[in-house]
Amino acid sequence: MKKVLHSPLYIDGVVDRIEGFDTVQICDAYKLMGMDVSRLFEGIKMVDLYECRQTGYRFYYPFSTIGDAAFYKELSIKRKNYYSTRWEHLKILPTLNENETVLEIGSGFGAFLNLLKSNGINAEGIEFNPEALTVCEKQGLSIHNELIDAFASKYPEKYDVVCYFQVLEHITQVHDFIKNSLLALKPDGKLIIGVPNNNPFLFVNDKYHTLNLPPHHAGLWNMKSLKSLEQIFNIEMVSLQYEPLEKTYSDFLKIYIKNSNPIYSNFLNIVNRVAPKILRKVLCQCINGRNILVVFRKLA
């Protein structure tokens with residue numbers, strides 16, 4: 001009997017196959033980064049992308065192709081800035097205060113935990129990458145090597161803020177992950193999520209963009225799928241912001257011009273030569289950047 005696939009976000013949610021990705025091409029793309037990920041695709045010729053009808057959440061399948069601890073350890077070594085301070089960190093930091101206790105899930109090398117610590121905010125982290133754990137421990141940060149389900153069962157409703165930045169897109173069982181992270185949050189507490197924008201310039205035109213595919217990403221998020229969390233969990237959205245395109249404009253323009261039709265591409269090249277500042281201003285106002293920061297409040 002053929003297995004019926006359901007949405008990992010919306011229980012029993014109906015999903016549709018959107019497209020497939022050749023695993024040989026995926027592996028070749030990672031080889032250009034100096035990484036051999038073929039062990040995660042043994043016996044698998046295609047990775048499929050599905051979309052949940054109820055939420056718009058997209059995810060890759062089979063889940064066995066998603067990276068493990070060894071993959072992330074190697075990636076963090078290959079890409080030295082992988083766990084660096086991000087736009088989301090700096091944007092959300094001023095909204096937190098010393099009276100709040102914070103739990104960050106997926107702390108990496110401790111970039112955000114260090115920001116919180118330097119601002120006098122009591123914070124703890126959860127991390128499973130052994131390389132990252134070692135770095136955090138050496139910095140004297142409060143870090144736990146434990147999955148959120150076990151951790152939350154021991155410390156229910158302990159924290160005023162639970163946050164995860166650039167983590168949710170790596171999780172296969174997203175419903176359980178979010179549910180368990182909310183268990184650790186006090187009523188009226190804040191759930192803060194930072195994820196890549198599923199509708200940015202980079203992924204619309206570059207189907208085989210390496211780090212948006214397995215083993216790196218398990219799912220793709222956008223405003224619709226994030227907004228749908230209100231219907232699934234006992235939370236309400238407080239705010240949603242996009243990282244300004246300005247920060248990655250140079251990368252954007254190259255890809256945008258390259259993938260536009262010839263007539264439009266020629267027009268953009270001309271405008272960019274004649275009035276680059278005007279073109280930059282217009283495009284940055286009309287197109288969202290590559291990351292989303294969203295804040296939810298846990299209802300009592």
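Values below: all heavy atoms of this structure, side chains included; hydrogens, waters and symmetry mates excluded.
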Are side-chain N/O atoms of [X] and [Y] paired as donor and acceptor at under 3.5 Å?
X: E131; Y: Y72; value: no
X: T248; Y: D251; value: no
X: Q139; Y: N114; value: yes

Should we say atom [atom1] of [X] is surrounded by more than 12 heavy atoms from elsewhere, each under 6.0 Å from it?
X: F63; atom1: CZ; value: yes
X: I263; atom1: CD1; value: no
X: Y10; atom1: OH; value: no

Does the distance from a Lys or Arg side-chain N to an Asp or Glu carboxylate O, for [X] and [Y], drop under 4.0 Å?
X: K190; Y: E100; answer: yes
X: K186; Y: E157; answer: no
X: R297; Y: D188; answer: yes
X: E236; Y: K227; answer: no
X: E243; Y: K91; answer: no
X: E42; Y: R39; answer: no

Examine [X] and [Y] and state if one hydrophobic cluster contains both, with Ile, Leu, Val, Met, Phe, Trp and Tyr joined whenever side-chain heavy atoms are less than 4.5 Å apart.
X: L191; Y: V161; value: no
X: V102; Y: L185; value: no
X: W87; Y: F252; value: no
X: Y57; Y: L226; value: yes
X: F267; Y: I287; value: yes

Residue pairs, two or more places apart or on separate chains, that pass ring pair (Phe, Tyr, Trp, His ring centres under 6.0 Å) and touch [range]:
range: residues 103-123; answer: Y83-F109, H89-F112, F112-F165
range: residues 25-44; answer: none
range: residues 268-288; answer: none

Looking at the rings of [X] and [Y], which for Trp means the six-membered one, are their centres under 6.0 Å apart?
X: Y164; Y: F177; answer: yes
X: F151; Y: H144; answer: yes
X: F21; Y: Y60; answer: yes
X: F59; Y: Y61; answer: no

Please examine the side chains of [Y] and [X], heavy atoms only from C-beta on, and report whether any two atoms are closer than 4.5 Å.
X: P130; Y: K73; answer: yes
X: I105; Y: C163; answer: no
X: L211; Y: P196; answer: no
X: I143; Y: I126; answer: no
X: L293; Y: L240; answer: no
X: C27; Y: V37; answer: yes
X: F233; Y: L299; answer: no
X: L229; Y: L9; answer: yes

Item to check | Intermediate values then yes/no, side chain to side chain donor-acceptor pair (under 3.5 Å), N291 and Q166 | outcome: CA-CA 9 Å; N291 291 301; Q166 308 298 314; 3.1 Å; yes
Looking at every non-hydrogen atom in both residues, tell me the closest pair between [X] and [Y] and how far apart they are.
X: L90; Y: P94; value: O-CD, 3.2 Å
X: E127; Y: S107; value: OE1-N, 3.0 Å
X: S181; Y: V162; value: O-CG2, 3.8 Å
X: H175; Y: I232; value: CD2-CG2, 3.7 Å
X: G108; Y: A132; value: O-CB, 3.2 Å
X: V238; Y: F296; value: CG2-C, 4.1 Å

Checklist entry - Passes side chain to side chain contact (heavy atoms under 4.5 Å, CB included), M33 versus L75? Steps please. => result CA-CA 9 Å; M33 295 173 53; L75 184 60; 3.8 Å; yes
Item to check | Worked verdict on E124 versus K158 for salt bridge (charged side-chain N to carboxylate O under 4.0 Å, His left out) | outcome: CA-CA 11 Å; E124 300 174 47; K158 178 181 178 180; 3.4 Å; yes
Checklist entry - Where the side chain of H170 meets the backbone of H216, is there a donor-acceptor pair that is under 3.5 Å apart? => result yes
Checklist entry - Sub-3.5 Å donor-acceptor pair from the side chain of K298 to the main-chain atoms of N234, do we have one? => result no
Item to check | From CA spacing to verdict: side chain to side chain contact (heavy atoms under 4.5 Å, CB included), V195, V294 | outcome: CA-CA 9 Å; V195 288; V294 59; 6.0 Å; no
Item to check | D160: which of N99, T101, N97 passes side-chain hydrogen bond (donor to acceptor under 3.5 Å, both in side chains) | outcome: T101
Next on the checklist: What verdict does the side chain to side chain contact (heavy atoms under 4.5 Å, CB included) test give for V14 and C52, after you've listed the backbone C-alpha separation in whole Å, the side-chain angles of each residue and the deciding distance to 0.1 Å?
Outcome noted: CA-CA 6 Å; V14 179; C52 172; over 6 Å; no
Next on the checklist: Using the rule given for salt bridge (charged side-chain N to carboxylate O under 4.0 Å, His left out), can you reason through E146 versus K154, listing the C-alpha separation, both sets of side-chain angles and the distance that settles it, and then say yes or no?
Outcome noted: CA-CA 11 Å; E146 196 167 8; K154 291 190 294 185; 3.0 Å; yes
Item to check | I18/Y50 under side chain to side chain contact (heavy atoms under 4.5 Å, CB included): CA gap, chis, key distance, verdict | outcome: CA-CA 5 Å; I18 304 301; Y50 288 87; 5.8 Å; no
Checklist entry - Would D22 and K45 satisfy salt bridge (charged side-chain N to carboxylate O under 4.0 Å, His left out), going step by step from the backbone distance to the final call? => result CA-CA 6 Å; D22 187 301; K45 294 182 178 180; over 6 Å; no
